Amino acid sequence: DHTQAWYRLALPEQAHTQGWRQLLMLRHMMNVEVWLDQHYLGSAGPVAPANLQRKWNRPVTWTLPAALITGAPQMLYFRLHSAPDFGVMSPLILGDEATVMSRYRLNYFLQIDLVKVSLLAMVFIACLGVFVWLRIRQRHWLLISLMSASWSLPLLYILLPAVPAVLPDEFDFLRLSHWGTVAGALCLLAFIYSCYLQVATSSLRWLWAASLVHGVILLVVPDKSVVLAGSVGQLLAQLLFGILIIQLLRVKTLRNAEVYSIIAGLLIMLLAAAHDVSLAISSGMERWRWDMFVSYITQPVMMIIIAWHGVRAFLNSVNQLDAINRQLQQRLSDAEQDLRQVFSQQLKLQRDNHLASERELVYRDLHDDLGARLLSLVFKSGQGEARDLARSALQDLRDIVSRVMQEDHQLAAVIADCMAENENRALALGKTFAWQADDALEHVSCSNRHMLKLRLLLRELCGHWLRQ
């Protein structure tokens with residue numbers, strides 16, 4: 001049976017003499033049962049072949065009952081359950097309860113709680129990337145989402161208690177985990193090349209091709225070589241990280257705090273190479289080393305750095321848009337005020353034009369009606385003051401009406417017209433005038449108001465003289 005393996009360990013004397021009754025196993029693939037001689041102590045979870053619970057990254061502790069420890073030579077027996085030819089068990093730790101439980105809590109935090117926090121961060125960043133991408137349609141945010149989703153796969157491989165129903169077995173889940181690690185690394189390369197080095201998307205298609213090729217390799221290799229194929233793919237991605245760091249450092253325009261933080265994240269990613277090398281060249285027990293913890297946090301740390309800069313850039317853009325929006329609103333308010341003012345002026349102009357039209361209509365009616373009667377009075381009156389007075393009133397009416405017909409008048413023309421009018425009046429009464437006009441008046445203009453007052457004044461003066 002390649003899914004089970006038995007191990008035995010002599011119980012140390014300290015279990016009887018010093019009270020070492022707490023047993024700790026840091027990791028195992030996938031589950032384990034424990035006996036003290038013929039006494040069953042328990043397991044890490046269901047161990048039935050149809051319901052084998054995955055506990056491979058979780059520390060497990062058992063308490064050895066004091067009644068079972070006799071002081072005579074005793075044996076601990078372990079039955080390891082796993083996928084075929086995939087079982088691994090870390091060294092056992094036996095000690096007093098306080099020491100062992102302290103170690104248990106520390107390792108549980110590093111191996112489980114830290115992974116849960118990293119997974120939550122990945123899910124949050126993936127959702128954030130999709131949200132921003134839907135809002136602004138920038139490809140960089142879509143790459144961030146794909147990166148987070150890909151790097152969530154190995155974290156799920158650590159945490160899930162059972163293989164997802166969509167996958168046939170444990171090794172297919174392992175293949176998906178290794179592919180997600182490399183695919184996320186290639187998405188990171190594409191993101192940095194396009195965002196910071198301004199490389200065209202068409203020039204980065206080889207990264208997508210590399211991800212597909214690695215997936216095909218993981219599918220065709222036998223189960224025993226999945227870890228090796230996955231580790232080699234990750235090492236190649238980390239080699240590309242090293243090349244990318246050199247390219248970023250060579251560009252002088254990119255020497256700023258943001259790019260330096262990206263380079264720091266890439267250097268942290270390179271620390272995971274130690275774990276990948278250990279997976280590729282070591283076996284069994286030697287794999288459980290300090291670099292396991294580093295491999296859990298490198299990807300989330302890199303994602304947090306990228307997401308931080310992305311969110312900061314997004315917020316800066318939002319603030320700039322808010323400032324532009326306020327400027328546009330101010331301009332719109334000013335334009336609306338100008339339009340209101342123009343509309344008010346236009347309305348006033350229309351009202352003035354309407355009043356002017358009505359006034360002109362009234363003047364014309366006066367001219368046509370009252371003027372006709374005055375003219376009739378002129379012709380019916382005989383020679384004398386009555387006729388002159390009627391003629392003067394008729395001329396006054398014409399002057400008033402003509403005021404709305406013309407804006408400005410030449411002063412010389414106004415005086416000449418007055419001279420002609422009063423000479424006709426004088427001739428009708430048998431009198432004459434002697435006029436003298438200054439040539440300088442040719443270039444002087446006067447308004448309607450002044451013209452009317454001048455004509456009335458001259459007419460009144462001449463009329464007064466003529467009636468003497």
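Here the structure is a predicted model, which is why all the values come from computation and not from measurement.
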Check for a donor-acceptor pair, side chain of W179 on one end and backbone N or O of L212 on the other, with a separation under 3.5 Å.
no
For S150 and L146, indicate whether the former's side chain and the latter's backbone hold a donor-acceptor pair under 3.5 Å.
yes
May I ask you to check whether over 12 heavy atoms, not counting those of R312, lie within 6.0 Å of atom CZ?
yes
Is T181 close to L153 at the side-chain level, that is, under 4.5 Å between some pair of heavy atoms?
no
Close side-chain approach of T3 and P84, heavy atoms under 4.5 Å:
yes
Any side-chain heavy-atom pair of F78 and M25 under 4.5 Å
yes
Checking S333 side chain against Q329 main chain: does a donor-acceptor pair fall under 3.5 Å?
no
Are the side chains of R54 and V163 in contact, using a 4.5 Å heavy-atom criterion?
yes
Does a donor on one side chain sit under 3.5 Å from an acceptor on the other, for Q320 and N316?
no
Not counting sequence neighbours, which residues clear salt bridge (charged side-chain N to carboxylate O under 4.0 Å, His left out) with R340? List them please.
E336
Surrounding CZ of F343 (heavy atoms of other residues, nucleotides or ligands, distance under 6.0 Å), is the total greater than 12?
no
Taking the side chain as every heavy atom from C-beta outward, state whether L244 and L197 have any atom pair closer than 4.5 Å.
yes
Which pairs pass ring pair (Phe, Tyr, Trp, His ring centres under 6.0 Å) with one or both residues in residues 146-166, sequence neighbours excluded?
W56-Y157, Y157-F173
Test item: side-chain donor near acceptor, T63 and E97, under 3.5 Å
no
Y260 versus R255: any side-chain heavy-atom pair under 4.5 Å?
yes
Validation row: L68, L41 side chains within 4.5 angstrom (heavy atoms)
yes
Between the side chain of Q18 and the main-chain N/O of A15, is any donor-acceptor distance below 3.5 Å?
no
Contact check, side chains of L143 and C195, non-hydrogen atoms, under 4.5 Å
no
Sidechain-backbone polar pair: D169 side chain, D172 backbone, donor-acceptor under 3.5 Å:
yes
Short question: side chain of N31, backbone of K55 - any donor-acceptor pair under 3.5 Å?
no
S145 side-chain N/O to V130 backbone N/O, donor-acceptor pair under 3.5 Å
yes
Closer than 3.5 angstrom, by distance alone: can the side chain of S261 be matched with the main-chain N or O of E258 as a donor-acceptor pair?
yes
N353 side chain to L349 main-chain N or O, any donor-acceptor pair under 3.5 Å?
yes
Under 3.5 Å, side chain of R103 to main-chain N/O of L26, donor-acceptor pair present?
no
